[in-house]
Amino acid sequence: MVFSCENSGCKIGIMGGTFDPIHLGHLVLAEEIRYQFGLDKIIFVPVGTPPHKGQDNISDKMLRYDMTRLACMTNPHFEVSKIEIESEAISYTINTIKKIKALVHSEHVEMFFITGADAIMSIESWKDYEELLSLCSFIGATRPGIHVEHLEEKIEHLKAHYGAKIYLTHIPGLAISSTDIRNRIREGRSIKYLLPESVEQFILDNHLYL
Ligand code: ATP
Ligand code: MG
């Protein structure tokens with residue numbers, strides 16, 4: 001996939017996740033951040049092999065990729081990348097950002113890595129975090145229940161020590177998670193309206209999460 005950036009000063013959001021399955025919480029988060037930060041596009045990157053989870057407890061990569069594509073089809077600003085699922089290696093954000101930068105072919109692109117604000121707290125445990133913080137900006141989305149005071153201290157520390165560019169933003173809370181959707185399916189409960197209909201149908205057709 002080639003990420004075209006016609007205008008100079010193009011801004012791209014990278015939204016990583018397991019997407020097992022993708023749901024409206026992810027989509028609202030991405031769309032809200034796209035609007036708030038004036039991003040030209042959001043690239044969804046389904047994780048291949050997560051550093052901490054391994055692949056045992058997550059669905060097949062291609063199924064997660066297909067569901068993410070179905071969910072993103074109706075938004076012209078959303079794209080889905082196979083960068084992580086095509087690689088057998090453990091998926092480290094630093095490698096993903098470098099690969100996407102190489103594909104963009106433009107020096108005028110600003111990259112924003114979108115993540116839950118809680119991830120910012122542990123960013124110094126990520127692979128090559130100092131280099132990563134110099135390669136892209138971070139947008140941490142807060143959700144109800146997150147203690148913002150500790151987060152702001154952490155962000156000040158990251159800015160002072162590494163020159164990091166980190167933005168915090170509040171996203172309307174949607175209490176939806178993939179874990180809850182998987183549990184509902186196992187228990188025979190409805191998942192309607194928690195995720196796009198096309199993804200719900202894909203789950204039914206492929207007998208997922210039973
Ligand atoms: P699981 O329950 O399997 O952990 P999840 O719903 O947390 O799945 P992930 O694929 O792990 O989904 O999340 C990808 C990104 O989306 C993370 O940065 C996470 O913080 C964010 N996210 C997930 N659900 C929501 C939601 N309801 N509202 C806002 N952000 C969300
Ligand atoms: Mg999660």
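All values derive from a computational prediction rather than experimental measurement. Along the sequence shown, residues carry numbers from 1. Start at 1 and go down the list; that is how both ligands and their atoms are numbered.
A parallel orientation is assigned to the rings of His26 and His23, their planes being inclined by less than 30° (bins at 30° and 60°). Between Phe112 and Phe37, the two ring planes are tilted [angle within 30° to 60°].
Residue Leu29 places no N or O, backbone or side chain, under 3.5 Å from any N or O of ligand 1. At least one N/O-N/O distance between Leu174 and ligand 1 falls below 3.5 Å. Close N/O approach between Arg182 and ligand 1 is found [any backbone or side-chain N/O within under 3.5 Å]. Ligand 1 has no N or O atom lying under 3.5 Å from any N or O atom of Ile171, backbone or side chain. Note: an N/O pair closer than 3.5 Å links Gly116 and ligand 1 by distance alone. Considering backbone and side-chain N/O of Ser178, one or more are found under 3.5 Å from N/O of ligand 1.
Residue Met15 approaches ligand 1 through these ligand atoms, each under 4.0 Å from one of its heavy atoms: 16 (O). Residue Gly17 has at least one heavy-atom neighbour below 4.0 Å for each of these atoms of ligand 1: 10 (O), 14 (C). For ligand 1, the atoms lying closer than 4.0 Å to a non-hydrogen atom of Phe19 are 10 (O). Each of the following atoms of ligand 1 lies closer than 4.0 Å to a heavy atom of Ile176: 24 (N), 26 (C), 27 (N).
Side chains of Ile83 and Leu103 form a contact here, defined as non-hydrogen atoms less than 4.5 Å apart.
The closest approach between any non-hydrogen atom of Asp20 and ligand 1 is not below 4.0 Å. Taking 4.0 Å as the cut-off, Gly16 counts as a neighbour of ligand 1 on heavy-atom distance.
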Side chain to side chain contact (heavy atoms under 4.5 Å, CB included) between Lys41 and Lys11, worked out: CA-CA 7 Å; Lys41 66 177 75 180; Lys11 293 179 178 180; over 6 Å; no
Start with the C-alpha gap between Ile100 and Val45, add the side-chain angles, then the distance that decides, and say whether side chain to side chain contact (heavy atoms under 4.5 Å, CB included) holds. CA-CA 10 Å; Ile100 292 179; Val45 185; 4.2 Å; yes
Does the pair Asp60 and Arg64 meet the rule for a side chain to side chain contact (heavy atoms under 4.5 Å, CB included), with working shown? CA-CA 7 Å; Asp60 178 81; Arg64 291 184 290 107; over 6 Å; no
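Side chain to side chain, Ser178 and Asp20 fail the donor-acceptor criterion of an N or O pair below 3.5 Å. Under the 3.5 Å distance criterion, with hydrogens and angles disregarded, no donor-acceptor pair is assigned to the side chains of Glu200 and Tyr193. A side-chain donor-acceptor contact under 3.5 Å links Glu32 and Gln36.
Here Thr179 has heavy atoms under 4.0 Å from ligand 1 in both its backbone and its side chain.
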